[in-house]
Protein chains: 2
Amino acid sequence: MKMMPNDLMTIRQMCDAFDVTPRTLRFYEAKELLFPQRDGTRRLFTRRDRARLTLILRGKRFGFSLEDIRQILDLYDRDGSNHAQTIRTYELAQQRLAQMEAQRAELDLAIADLKAELDAGEAMIATLRRAAE
Amino acid sequence: MKMMPNDLMTIRQMCDAFDVTPRTLRFYEAKELLFPQRDGTRRLFTRRDRARLTLILRGKRFGFSLEDIRQILDLYDRDGSNHAQTIRTYELAQQRLAQMEAQRAELDLAIADLKAELDAGEAMIATLRRAAE
DNA sequence: AGAGTGCTTTACGTTAACGTCAGTGTAACG
DNA sequence: CGTTACACTGACGTTAACGTAAAGCACTCT
């Protein structure tokens with residue numbers, strides 16, 4: 001067991017902690033979502049990186065694209081106490097929420113339609129079964 | 001206005017009727033979802049093509065991939081009266097329905113979570129507003 | 001010293017469903 | 001016969017979020 005200075009984690013430790021692949025972490029770094037320090041060539045992820053990764057993964061669950069997430073993260077980075085930016089993020093989230101609810105409405109419709117088709121199909125299958133006797 | 005023999009339609013008529021692009025129809029033909037006749041090099045879509053296209057578009061609304069749709073269509077093509085194939089299609093639809101309902105459940109969760117975050121954000125913004133006075 | 005492990009970079013591959021040229025043809029109108 | 005309007009066939013481009021080699025350091029164990 002090698003000890004990392006308290007709040008620094010290797011790529012593997014990050015992968016285990018967050019259940020992601022190394023490729024993903026490097027990808028996020030390339031996309032400027034994370035900014036790990038270096039020990040020579042090796043990445044060392046800070047507490048800040050972990051906080052950001054937590055937000056990234058949460059954002060993904062909400063269906064935000066990585067680009068959306070990057071922008072939101074950057075807003076807070078530039079000025080964590082700026083009201084306008086907090087409000088902007090809030091608005092983005094609201095928009096996304098509206099999208100998600102629209103999406104659910106469509107999905108509900110499709111489900112209802114498909115169920116109707118299935119009922120018809122079931123009836124047809126029953127008919128076929130009777131005819132087969 | 002040019003008259004097409006009763007049940008034959010040009011690519012443009014199809015596009016207008018179904019609200020798709022020519023590229024889409026050619027793509028579906030390449031994927032063996034449609035089989036328009038030819039008048040020289042030009043495509044002429046039959047009643048059968050229209051029936052298939054209707055099913056294709058419906059299938060898409062249900063979230064089936066084009067490959068799924070092609071298989072289903074082919075099943076019916078080979079033998080429209082085969083019970084086993086009707087039942088197979090029915091099962092595919094049921095599986096898809098289960099997926100869609102699972103997807104909706106996840107979506108509902110994400111919506112609930114995001115709403116919770118929004119409520120917190122709203123509170124924070126209210127705080128910021130008070131502090132700004 | 002050799003073997004093994006883990007990390008690194010670089011860069012091409014994947015998937016779906018088309019979009020978007022580029023270049024050519026052809027049919028009809030005036 | 002020239003122009004306009006469509007249609008046709010390739011074939012490469014697009015988007016997102018990584019996956020998957022390939023090839024090479026750096027360290028450690030033995």
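Everything quoted here is computed from the prediction, not taken from an experiment.
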D:dC6, OP1 or OP2 - any side-chain N/O from B:Arg12 closer than 4.0 Å? no

What integer distance in Å separates B:Arg42:CZ from C:dT24:C1'? 14 Å

Transitively linked via ILVMFWY side-chain contacts under 4.5 Å: A:Leu114 with A:Leu109? no

Residues forming a side-chain contact (heavy atoms from CB on, under 4.5 Å) with A:Arg48, sequence neighbours excluded: A:Phe35, A:Thr46, A:Arg52, A:Asp77

Any residue in residues 25-39 of chain B with a heavy atom nearer than 4.0 angstrom to DNA chain D? Just list them by number, or reply none. B:Arg26, B:Arg38

Please identify each residue that fulfils side-chain contact (heavy atoms from CB on, under 4.5 Å) with A:Arg12, with sequence neighbours left out. A:Thr10, A:Cys15, A:Asp16, A:Pro22

Can you give each donor-acceptor pair under 3.5 Å made by side-chain atoms of residues 92-103 of chain B, sequence neighbours left out, with the distance rounded to 0.1 Å?
| from | atom 1 | to | atom 2 | distance (Å) |
| --- | --- | --- | --- | --- |
| B:Arg96 | NE | B:Phe62 | O | 2.9 |
| B:Arg96 | NE | B:Gly63 | O | 3.4 |
| B:Arg96 | NH1 | B:Gln99 | OE1 | 2.6 |
| B:Glu101 | OE2 | A:Lys115 | NZ | 3.2 |

Rounded to whole Å, how long is the line connecting atom CD of B:Glu67 with atom P of C:dT15? 12 Å

Applying side chain to side chain contact (heavy atoms under 4.5 Å, CB included), run through A:Asp39 and A:Leu8 and close with a yes or a no. CA-CA 11 Å; A:Asp39 167 26; A:Leu8 293 180; over 6 Å; no

Matching residue for A:Leu55 among A:Ile69, A:Leu73, A:Ile72 - test: side chain to side chain contact (heavy atoms under 4.5 Å, CB included): A:Leu73

Provide the full list of salt bridge (Lys or Arg N to Asp or Glu O under 4.0 Å) pairs with a residue in residues 104-113 of chain A, sequence neighbours left out, each pair given once. A:Arg104-B:Asp108, A:Asp108-B:Arg104, A:Asp113-B:Arg61

Whole-Å distance, A:Met14 CE to C:dG6 P, equals 18 Å

If you compare every side-chain N and O of B:Thr21 against the phosphate oxygens of C:dG19 (OP1, OP2), does one of them come in below 4.0 Å? yes

With the side chain of A:Thr24 defined as its heavy atoms from C-beta on, choose the nearest nucleotide among C:dC7, D:dC18, C:dG19. D:dC18

By salt bridge (charged side-chain N to carboxylate O under 4.0 Å, His left out), which residues pair with A:Lys31, not counting sequence neighbours? none

Please name all residues satisfying salt bridge (charged side-chain N to carboxylate O under 4.0 Å, His left out) with B:Glu67, sequence neighbours left out, ordered by chain then number. B:Arg70

Side chain to side chain donor-acceptor pair (under 3.5 Å) against B:Arg47, all qualifying residues, sequence neighbours excluded: none

Between C1' on C:dG6 and CE on A:Met9, what's the gap in Å once rounded to a whole number? 16 Å

For DNA chain C, the residues among residues 54-66 of chain A that have a non-hydrogen atom under 4.0 Å from it: none

Can you check nucleotides 12-14 of chain D for protein contacts, nitrogen or oxygen pairs under 3.5 Å, and list what you find?
none

Under the side chain to side chain donor-acceptor pair (under 3.5 Å) rule, collect the residues that match up with A:Thr89, sequence neighbours excluded. none

Expressed in angstrom and rounded to an integer, what is the separation of B:Asp16 atom CG from D:dA7 atom C1'? 14 Å

